[in-house]
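See structure below.
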Amino acid sequence: MINTITLQKATIEDCDTIYCWRNDPTTREQSFNSREILYEKHSQWLKKALEDPKKFFYIGIDEKGKKYGVVRFDIKSKFSAEINIIVAPDKRGKGIASQLILKSCSLFFSETKRKLILARIKESNSASVRAFQKVGFSKLFHYKEEDKERILALVLLAPDRRIR
Ligand SMILES: CC(C)(COP(=O)(O)OP(=O)(O)OC[C@H]1O[C@@H](n2cnc3c(N)ncnc32)[C@H](O)[C@@H]1OP(=O)(O)O)[C@@H](O)C(=O)NCCC(=O)NCCS
């Protein structure tokens with residue numbers, strides 16, 4: 001059975017957890033920057049990012065406070081943002097990603113009044129593409145930079161902007 005996940009704003013207390021998830025080999029393989037990140041660099045980046053009004057971090061937790069994943073939104077314009085997700089390595093393959101994406105997008109839309117969320121994912125990252133599509137993201141286009149992997153761009157519109 002999938003645990004019910006609720007969201008809380010990430011704080012500097014989540015620094016070590018996010019660091020472990022970000023340096024996990026699968027996360028690195030699926031990231032646009034696959035290099036290992038040094039702890040010092042990560043903690044400095046997170047501290048700055050948490051204070052940045054253009055970044056929103058949500059941690060998915062269960063009723064016992066166990067952490068399941070992190071979702072980050074980077075505001076791109078007055079109406080748009082980009083989403084990134086990492087599910088805890090030992091919690092993958094249990095349907096956590098779609099729950100986290102759905103809840104965090106809904107919260108983000110209501111908190112920021114943004115109208116569009118963009119996800120850019122390596123096309124080979126089937127679990128991620130599937131999780132985003134499952135909650136309503138639509139494929140928009142794909143692109144490729146030089147000899148790198150093909151990237152898929154997907155979008156989700158705020159409920160009040162969807163054309164029926
Ligand atoms: C990608 C990621 C977020 C998926 O999280 P998850 O909780 O394991 O995903 P889910 O369990 O919700 O699975 C999503 C869907 O993909 C399917 N899936 C899972 N693993 C898969 C695989 N290896 N190949 C194909 N499909 C897969 C699942 O069956 C599910 O589909 P279904 O609901 O129709 O059965 C997680 O693996 C992760 O954190 N990876 C590292 C970081 C990353 O890639 N982030 C995404 C870039 S934005």
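Both ligands and their constituent atoms are indexed starting at 1 by order of listing.
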Exercise: do Ser124 and Glu149 side chains pair donor with acceptor under 3.5 Å: yes
Side chain Lys122, main chain Ser31, donor-acceptor under 3.5 Å: yes
Amino acids in close contact with ligand 1, where any non-hydrogen atom sits under 4.0 angstrom away: Thr27, Gln30, Ile85, Ile86, Val87, Arg92, Gly93, Lys94, Gly95, Ile96, Ala97, Ser98, Asn125, Ser126, Ala127, Ser128, Arg130, Ala131, Lys134
Whether Phe108 and Phe73 hold their rings parallel, tilted or perpendicular, with breakpoints at 30° and 60°: parallel
N-O pairing of Arg72 and Asp74 below 4.0 Å: yes
Geometric cation-pi criterion, Lys91 with Tyr68: 6.0 Å, 45°: yes
With Phe132, the side chain to side chain contact (heavy atoms under 4.5 Å, CB included) member among Ile85, Val155, Leu152: Ile85
